[in-house]
Number of protein chains: 2
Amino acid sequence: MAGETRERILDVAERLFADSGFASTSLRDITAEAGVNLAAVNYHFGSKEALLGAILERRIRPMNDRRIALLDKVEAEAGADGAAVEQIVTAFLNPAFQQVMAMGTHRRQLLKLLGQLHTQANPETRKLFFRQFDEVRIRFTTSFQRALPDIDPDEVARRMMYIVGAMSYIMMWGEQSGHLPAQTPDRLRQSLVEFASAGMAAPATAPAGIPAPETLPTAASIAAHGGHA
Amino acid sequence: MAGETRERILDVAERLFADSGFASTSLRDITAEAGVNLAAVNYHFGSKEALLGAILERRIRPMNDRRIALLDKVEAEAGADGAAVEQIVTAFLNPAFQQVMAMGTHRRQLLKLLGQLHTQANPETRKLFFRQFDEVRIRFTTSFQRALPDIDPDEVARRMMYIVGAMSYIMMWGEQSGHLPAQTPDRLRQSLVEFASAGMAAPATAPAGIPAPETLPTAASIAAHGGHA
DNA sequence: GTATGATTGAAACATACGTTTGACTGACTT
DNA sequence: AAGTCAGTCAAACGTATGTTTCAATCATAC
């Protein structure tokens, strides 16, 4: 009985927070569905906000640890000239797919929860978890930059962000009815690796130190003209 | 004074909803900052939910109209064999960049708001606006499929989603301190067009009708083994 | 068996919320 | 000048929230 109440709260809260939003989900919703007493949340976690932190900690840390471990392995196996782009991409994407897919029918929950972090969680909770993601992102960006010495490092950093965005989006909304044909998780992972690798390795038109000409109107001119293209 | 109160509420609510979340922002927060009476929201919009709808309507419709217009133009100028991938990508991305950049210092607001739609808005509001995005996505997916007849149409549809994800992510979080070096909007747009075009046109390993072999463990086996790679 | 510390339970607390009400204002019409 | 009506305002309504309290219960060690 010891950890059972705690676990039940975590499971139910993870789902309800993801489905209805952190602010819109009441502790009474959670405790009623979990079959525990209302006071159990504050007893076991201290506050609603700390409950959110515990939910995230349970899922995020293992996933990012696996990413770093895989990257270490890939870099160790490669020579001094850096690992192959597709291998780095795979090291980044595989743990995420494994984590999300292991959640079975509740796959989107973790990512829906992360999406809320920016606007719902208080600043302390927010910074606590984004620091973890930042560390991972920087490690992978550095590895990509070593593998692509001919591309502007800033451009590589941007492309890393594109990959994160593509991954998050497809995991969160890829299974919505009507959006995409049903796919096996591995088929989807393979598709994303191809896309991300091609984008990351694309020839860059404006290498470091050579700023590109402005071809799009500035924000000020758009606002002045009403934004018509 | 007629529409002044209404506009002030829209402006302030757009910012506060985006920054603090729809559920976490009270009508008192909005009316206090806008310098209007609390009852003005329900008088002008009917409800808090309807206020959210009005905010979205004001921004989304023009952007998607411009996307369709640009795609029409690109397709008309191209031959019967379809438009170039990069031109389609540009037709999709330019209006979004223009809309977001035209919002000046409040660039991320619209996208932060859209991100909340899934979990915060009630089902009616949600469906109302996602239908608009679905129409646009389907139009562009079809155009891409015509331009890339050798790639599995389902794969093209997936890649369209990757582009949407990369765009949304970079627009929402690309200006966060520490994530990326500062860039002009046009430089960022150009970078994303390159990335997206390369990813969309990447050779696909598994064309239509030839399913890829499974190389990643299934969800069940991951759960059973604790998810270690 | 009894004492002890961890856990659960029902109830209450203070606060914040979206919404409604009804009086009031001021500009415009007749 | 009287009347009309959209708009504004302060106040109140009912409800839901996170948190706290304190007694009851349970498992375990002595």
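Chain naming here is simple, since letters A, B, ... match the order of the sequence lines and numbering starts at 1 in each. Not measured: the values here are computed from a predicted model. All heavy atoms count here, side chains included; hydrogens, waters and symmetry mates do not.
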* **Strand-adjacent residues in residues 19-27 of chain A, judged by heavy atoms under 4.0 Å from DNA chain D** => T25(A), S26(A), L27(A)
* Asked: Could you give the CD1-to-C1' distance, from I9(B) to dT8(D), as a whole number of Å?
  -> 11 Å
* Structure fact -> Residues at least two apart in sequence or cross-chain that pass side-chain hydrogen bond (donor to acceptor under 3.5 Å, both in side chains) with E57(A), listed by chain then number, are R61(A)
* Would you tell me whether Y162(B) and S191(A) have side-chain atoms, one donor and one acceptor, within less than 3.5 Å of each other? => yes
* Contacts of F130(B) that satisfy ring-ring contact (aromatic ring centres under 6.0 Å, His included) - sequence neighbours left out -> H118(B)
* Say whether, by atom type as modelled, one donor and one acceptor occur between the side chain of Q145(A) and the main chain of P153(A) under 3.5 angstrom. => yes
* To do: Among residues two or more places apart or on two chains, list those pairs meeting salt bridge (charged side-chain N to carboxylate O under 4.0 Å, His left out) that have a residue in residues 29-45 of chain B.
  => R15(B)-E33(B)
* Within this structure, what is the CG-to-P distance between L16(A) and dT17(D), rounded to whole angstrom? -> 12 Å
* Sub-4.0 Å heavy-atom contacts from residues 47-59 of chain A onto DNA chain D, ordered by number -> S47(A), K48(A)
* Below 4.0 angstrom, N of the basic side chain to O of the carboxylate: do D186(A) and R189(A) qualify? -> yes
* Please list, chain by chain and in numerical order, all residues satisfying side-chain hydrogen bond (donor to acceptor under 3.5 Å, both in side chains) with Q116(A), sequence neighbours excluded. => none
* Structure fact -> Rounding to the nearest 10°, end axes of the helix from dG1(C)-dC30(D) to dT30(C)-dA1(D) built from five pairs each make an angle of 10°
* Asked: For the pair made of OH in Y43(A) and P in dG5(C), what is the distance, rounded to whole Å?
  -> 13 Å
* Structure fact -> By ring-ring contact (aromatic ring centres under 6.0 Å, His included), F140(B) pairs with (sequence neighbours left out) F92(B)
* Asked: Hey, are D72(B) and R139(B) close enough for a salt bridge, meaning a charged N less than 4.0 Å from a carboxylate O?
  -> yes
* **Distance in angstrom units between N42(A) CG and dC13(C) P, rounded** => 18 Å
* OP1 or OP2 of dG7(D) under 4.0 Å from side-chain N/O of T5(B) -> no
* Taking atom C1' of dA6(C) as reference, at what distance in whole Å does atom CD of E4(A) sit? -> 16 Å
* To do: Return the set of residues passing side-chain hydrogen bond (donor to acceptor under 3.5 Å, both in side chains) with E135(A) (not counting sequence neighbours), or none when no residue passes.
  => none
* To do: Not counting sequence neighbours, which residues clear side chain to side chain contact (heavy atoms under 4.5 Å, CB included) with A54(B)? List them please.
  => L10(B), F45(B)
* Structure fact -> CD1 (I30(A)) and CZ (R8(A)) are apart, to the nearest 0.5 Å, by 14.0 Å
* What is the distance from CZ of F45(B) to P of dA6(D), rounded to the nearest Å? -> 17 Å
* To do: Assess K48(A) against F22(A): is NZ or CZ under 6.0 Å from the centre of the six-membered ring, and within 45 degrees of the ring's axis?
  => yes
Mind listing the N/O atom pairs, protein and nucleotides 9-12 of chain D, below 3.5 Å?
| unit_1 | atom_1 | unit_2 | atom_2 | d |
| --- | --- | --- | --- | --- |
| dC9(D) | OP2 | N37(B) | N | 3.4 |
| dA10(D) | N7 | N37(B) | ND2 | 3.4 |

* To do: Starting from C1' on dT17(D), measure out to CD on Q120(A) and report it in whole angstrom.
  => 15 Å
* **Partners passing ring-ring contact (aromatic ring centres under 6.0 Å, His included) against F144(B) (at least two apart in sequence or in another chain)** => none
* Asked: Do any side-chain nitrogens or oxygens of H44(B) fall under 4.0 Å of OP1 or OP2 in dA6(D)?
  -> no
